[in-house]
J.: 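One structure, as structure tokens, below. Some questions next.
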Amino acid sequence: MQVPPFSLTKQLSELGNDLEVAVSRVIQSGQFIGGDEVKTFEDSFAKSIGIDYSVGCNSGTDALVLALRALDIGIGDEVITSSFSFFATAEAISAVGAKPVFVDVDPCNYLIDLNLIEQAITSSTKAILPVHLFGCPVDMKTLNAIAKKNGLKVIEDCAQAAGAEYEGMAVGSWGDIGCFSFFPTKNLGGVGDGGAVTTRDAGLAKRMRELAVHGMPARYLHTQLGYNSRLDALQAAVLNVKLPKLKYWVKKRQQIAQRYIDLLEDLPGLDLPKYSSDMNTSHAWNQFVVRVTDFSIKAKETDAPKVRKSLYYDRLNNDNNARDEFKDALLRKGVNTIIYYPIPIHLQPAYESLGFSVGDLPITEMLCGQVLSLPIFPEISEEQQEYVSLMIRNLFS
Ligand SMILES: *Cc1c(COP(=O)(O)O)cnc(C)c1O
């Protein structure tokens, strides 16, 4: 059996020809930029988050940039975030001229360690940018309290967490601004790039809408330097078909995550994701990420192809990586897994100028050497999951 890490094949057949009808409606209409599809999507997306304003844009990365710009964050400012995330989180902070300040993560839920935020605050700090990594919501009540006490803004990176809730409130409704991505592999994916910002503040919404269209509040009047960052009508039409399914897809992801937990929870050497499901907290499971802490390939497999060292271990000059051996052994059984993320942001070559060295963020660095994402998508079958689990069990016994 071959199990892909992610697949849209079944979803496409379940949506029938709704997507094709929607796309062809846009083509017939000739309205490719703005228009009803975009307006309809923005309104229904805002409603699904439980707030008044949503503005579509070109990507999740642009959503972060628009949010930072709308809050007047720029040169000389610092933004606190985590280094265990997709690169775009920090890249957006740098793109507006500000400095990303990395705080280590909690080894249990992989999210920004709330106990370490206050000691990272300086007179230059303007905002906290928590990442709801893998779909797991950050404790936004505590984070907002820290921000309020210190006069800081909050921008939520919700790129992986569409459909997640903390204490009954959607992510993207807790901070000053929420930033979403509709990259095809996210929980709500378009057929290309797309993104959106969400806010309760009419002024911020207006500012972001203008920034996304060349800082242009009225035709050919430019009041600030902006961007060309719109959500295409074609993407909006696709998202209008998919948004009503998001709740159901997240429910499926939760069932799949629970099934993996039931099938794998007694294996020593494999740490399963821990999160608390009380207080109305709803994990959206964009990824199911395990930690391989103790694994050594069995003797009978020693004729297996030599394990390729991960980029991270190349950088650390360390070739004793159990996780990479484990990943390769699974691949030989047809189970395709992905490493999110092999190199922490603070050790990326692009951030050499920040002056970090190995050991500065020990939990983040440890996780980058241990994590592995098992196949998860709403349409994965029970048989596929059982096969994945059996292959994992066989490797440990
Ligand atoms: C995907 C992602 C982004 C960027 O979204 P794009 O739409 O690809 O630009 C930002 N942050 C996180 C955590 C992501 O996973």
Side-chain angles (χ1 to χ4, degrees), residues 49-51 60 63-64 67-68 71 78-90 92-93 100-121 125-150 152-181 186-187 196-200 250 253-254 257 273-289 340-341 344-346 361 363-364 367 371:
I49 303 295
I51 43 129
L64 291 165
L68 290 155
L71 293 169
E78 294 179 359
V79 178
I80 293 173
T81 190
S82 49
S83 173
F84 192 48
S85 181
F86 178 55
F87 189 67
T89 306
I93 296 169
V101 172
F102 301 115
V103 159
D104 215 349
V105 293
D106 181 328
C108 289
N109 59 17
Y110 317 148
L111 305 174
I112 191 165
D113 189 334
L114 299 170
N115 296 313
L116 300 178
I117 290 178
E118 283 204 287
Q119 66 201 58
I121 296 173
T125 310
K126 289 285 149 48
I128 311 175
L129 203 165
V131 183
H132 304 297
L133 196 70
F134 305 139
C136 187
V138 171
D139 168 358
M140 289 307 295
K141 210 169 202 174
T142 304
L143 188 135
N144 277 355
I146 297 168
K148 193 168 175 201
K149 183 176 153 206
N150 293 281
L152 304 177
K153 301 291 184 189
V154 175
I155 299 170
E156 295 175 75
D157 184 337
C158 309
Q160 299 182 6
E165 290 180 355
Y166 187 76
E167 291 201 6
M169 264 167 62
V171 299
S173 71
W174 283 88
D176 293 281
I177 300 172
C179 301
F180 290 84
S181 165
K186 310 288 171 147
N187 284 0
V197 286
T198 54
T199 182
R200 297 173 184 281
V250 168
R253 286 178 178 276
Q254 290 169 344
K274 293 174 200 71
Y275 80 107
S276 110
S277 57
D278 40 313
M279 297 187 304
N280 283 325
T281 291
S282 171
H283 192 318
W285 295 108
N286 183 245
Q287 298 299 333
F288 187 88
V289 178
Y340 296 111
Y341 296 92
I345 299 176
H346 69 285
L361 295 169
I363 307 293
T364 296
L367 290 176
V371 288

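When a residue number appears, it is its place in the shown sequence, counting from 1. Remember, predicted model here, so these are calculated numbers, not experimental data.
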J.: Indicate the ring-plane relationship of Phe134 and Tyr341, choosing parallel, tilted or perpendicular according to the 30° and 60° boundaries.
T.: parallel
J.: Would you say Pro130 and Val154 make side-chain contact, with heavy atoms under 4.5 Å?
T.: yes
J.: Could you tell me the separation between the CG atom of Leu71 and the CD1 atom of Ile155, rounded to the nearest 0.5 Å?
T.: 5.0 Å
J.: I'd like to know whether NZ of Lys153 has more than 12 heavy-atom contacts from other residues, nucleotides or ligands below 6.0 angstrom.
T.: no
J.: Got a second to check how far Lys149's NZ is from Ile121's CD1, nearest 0.5 Å?
T.: 8.0 Å
J.: Does one side chain, of Ser282 or Gln254, offer a donor that lies under 3.5 Å from an acceptor on the other?
T.: yes
J.: Using a 3.5 Å distance criterion without hydrogens, assess whether the side chain of Gln160 forms a donor-acceptor pair with backbone atoms of Leu133.
T.: no
J.: What pair of heavy atoms forms the shortest contact from Ala63 to Ala196, and how long is it?
T.: CB-O, 3.6 Å
J.: As an exercise, state the distance from OG of Ser83 to CD1 of Ile363, rounded to the nearest 0.5 Å.
T.: 12.5 Å
J.: Quick one: pull up CD1 in Ile177 and SG in Cys158 and give me the separation to the nearest 0.5 Å.
T.: 11.0 Å
J.: Hey, what's the ring geometry for Tyr166 with Trp174, parallel, tilted or perpendicular (30° and 60° as the breaks)?
T.: perpendicular
J.: Using the rule side chain to side chain contact (heavy atoms under 4.5 Å, CB included), only one of Asn150, Leu152, Ile112, Val101 pairs with Ile117; which is it?
T.: Ile112
J.: Provide the closest heavy-atom pair for Asn286 versus Arg253 in the form atom of the first, atom of the second, distance.
T.: O-NH1, 3.4 Å
J.: Using modelled atom types only, decide if a donor and an acceptor are shared between the side chain of Asn187 and the backbone of Ala284 within a distance under 3.5 Å.
T.: yes
J.: Grab the two heavy atoms, one from Tyr110 and one from Pro273, that are nearest each other, plus how far apart they are.
T.: OH-CA, 4.5 Å
J.: I'd like to check Met169 versus Met140 (side-chain heavy atoms, cut-off strictly below 4.5 Å). Are they in contact?
T.: no
J.: Would the distance check show the side chain of Ser173 and the main-chain N or O of Ala170 forming a donor-acceptor pair, the cut-off being under 3.5 Å?
T.: yes
J.: Please find the pair of heavy atoms, one from Thr364 and one from His346, that lie closest to each other, and give the distance.
T.: CG2-CE1, 4.2 Å
J.: Would you say the side-chain atoms of Thr81 pair up with the backbone N or O of Leu129, donor to acceptor, closer than 3.5 Å?
T.: yes
J.: CG of Asn115 to CG of Asp104: how many Å apart, nearest 0.5 Å?
T.: 12.0 Å
J.: Which heavy atom of Glu118 sits nearest to which heavy atom of Ile146, and what is that distance?
T.: CG-CG2, 3.7 Å
J.: Nearest 0.5 Å please: distance from the OG1 atom of Thr281 over to the CD atom of Glu167.
T.: 6.0 Å
J.: Would you name the heavy atoms of Leu111 and Pro137 that are closest together and state the gap between them?
T.: CD1-O, 3.5 Å
